[in-house]
Amino acid sequence: MARTTTLHPVRPIAALLLCAGLLTGAAHAQTVVAPAAPAATTAPEAATAPAATAPSQVRKANIVIVGTGGTIAGAGASAINTAAYQSAVVPVDKIIASVPEISKVANVKGEQIFQIGSESFNNERLLKLGKRVSELLKQPDVDGVVITHGTDTIEETAYFLNLTLKSDKPVVVVGSMRPGTALGADGALNLYDAVLVASSPESKGKGTLVVLNDEIHTGRDVTKSNTFKTETFRSPFGPLGYVVEGRTLYYRLPARPHTTATEWDIDRIDRLPEVAIVYAYGNANPGSVDAAVRNGAKAIVYAGTGNGSVGEYMVEPLKAARAKGVQIVRASRTGSGVVIRNGEQPDDKYDWVVVDDQLPQKARILTALALTKTNDTRELQKILWKY
Ligand code: GLU
């Protein structure tokens, strides 16, 4: 291959794996040590690496990279396949090995927990991931955790971890929009940046972070906004900071309680209640509400139009669901903005609640967590406004 590893670090590895028939979808449960990642804390290259670590760092951080799949573990048939490819096929140890620059900034260990597209996350996988990350964070020799993840649902996983992990240590969720085999692959730099952010003492106490495309976002706010562009992740109030040429630069802080300041502890949650999302659209089928109730939903997040508006033909089914004990959470399908209580609907009268500015998929996470603590509507409303 004519290209240098500096320009396209993942490509030779992925090509090699394709030739060797090693790109399988099988899940792994192994821990591997990245090559050239010595435990020594004063390696000469660390001292001379150009601004690769925060100046205040006196030793390389120990970072565990937990692999879950996604495009960052993807491979395409050709270099022009930037958007059509197979995700979740390259093992995390191979991804790490394909970015040798990482070993200059941290001692890294890879661990494969899943090998899936993130659209296949469910409550069980979320809990398994959270509990494993929690275990790792308790280890005194682990300074931070990076999770490689598909971009489709990175925002749900990051919000969940942001609300349930009981540690100040940095946790960074990272993905990529292009597989390592593509021209302009973004995974190598994103992973390098994620390790850098997880290694930075400045990242402590900032909750679960999402790093992609040179930006650091809080897991609470970030959302995927475009199907294929590398510039897809946005937070309505902007990212917390940038990663530029090996430097972690913060400009703002998360405003809402997270990690150690929340009422949830991942170690104490063994299942999450079923929460359904019903999406509003013209001529929506009122039967979708009943279907959610029949399928065991304990709450329905109604992704209403505009400010959580509810079509006249959907009001009765939602009231009927509430009468059966199902919580009704009014949200918006617009993509941003707060939903006003007693605005578009008389929430007091119907005993419904509203989100603050959480998108429906984030409201689902928060509502499920809230229901592990309370089924009182007033308490649920307080929680939705708090986090
Ligand atoms: N749908 C896949 C996933 O979310 C690939 C998308 C991506 O990672 O960018 O894992």
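Atoms within each ligand, like the ligands themselves, are counted from 1 in listed order.
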Exercise for review: Step through it carefully: locate the ring centre of His258, locate the ring centre of Tyr387, and say whether they are under 6.0 Å apart.
Suggested key: no
Review point. Would you call the rings of Tyr251 and Tyr242 parallel, tilted or perpendicular if under 30° counts as parallel and over 60° as perpendicular?
Key: perpendicular
Practice item. Only pairs at least two apart or in different chains count here, so list each ring-ring contact (aromatic ring centres under 6.0 Å, His included) that has a residue in residues 72-91. Key: none
Practice item. Please list, chain by chain and in numerical order, all residues satisfying salt bridge (Lys or Arg N to Asp or Glu O under 4.0 Å) with Asp141, sequence neighbours excluded. Key: none
Below 3.5 Å only, please: the N or O atoms of ligand 1 paired with protein N or O atoms, distance on each line.
unit_1   : atom_1 : unit_2 : atom_2 : d
ligand 1 : 1 (N)  : Glu119 : OE1    : 2.7
ligand 1 : 1 (N)  : Asp152 : OD2    : 2.8
ligand 1 : 4 (O)  : Ser118 : N      : 3.4
ligand 1 : 4 (O)  : Ser118 : OG     : 2.6
ligand 1 : 4 (O)  : Glu119 : OE1    : 3.4
ligand 1 : 4 (O)  : Asp152 : N      : 3.1
ligand 1 : 4 (O)  : Asp152 : OD1    : 3.4
ligand 1 : 8 (O)  : Thr71  : N      : 2.9
ligand 1 : 8 (O)  : Thr71  : OG1    : 2.9
ligand 1 : 8 (O)  : Thr151 : N      : 2.8
ligand 1 : 9 (O)  : Thr71  : OG1    : 2.9
ligand 1 : 9 (O)  : Thr151 : OG1    : 2.4
ligand 1 : 9 (O)  : Ser176 : O      : 3.1
ligand 1 : 10 (O) : Ser118 : N      : 2.7

Practice item. Among residues two or more places apart or on two chains, list those pairs meeting side-chain hydrogen bond (donor to acceptor under 3.5 Å, both in side chains) that have a residue in residues 300-309. Key: Ser309-Glu344
Practice item. Starting at CZ of Phe233, measure out to CD of Glu155 and round the result to the nearest 0.5 Å. Key: 6.5 Å
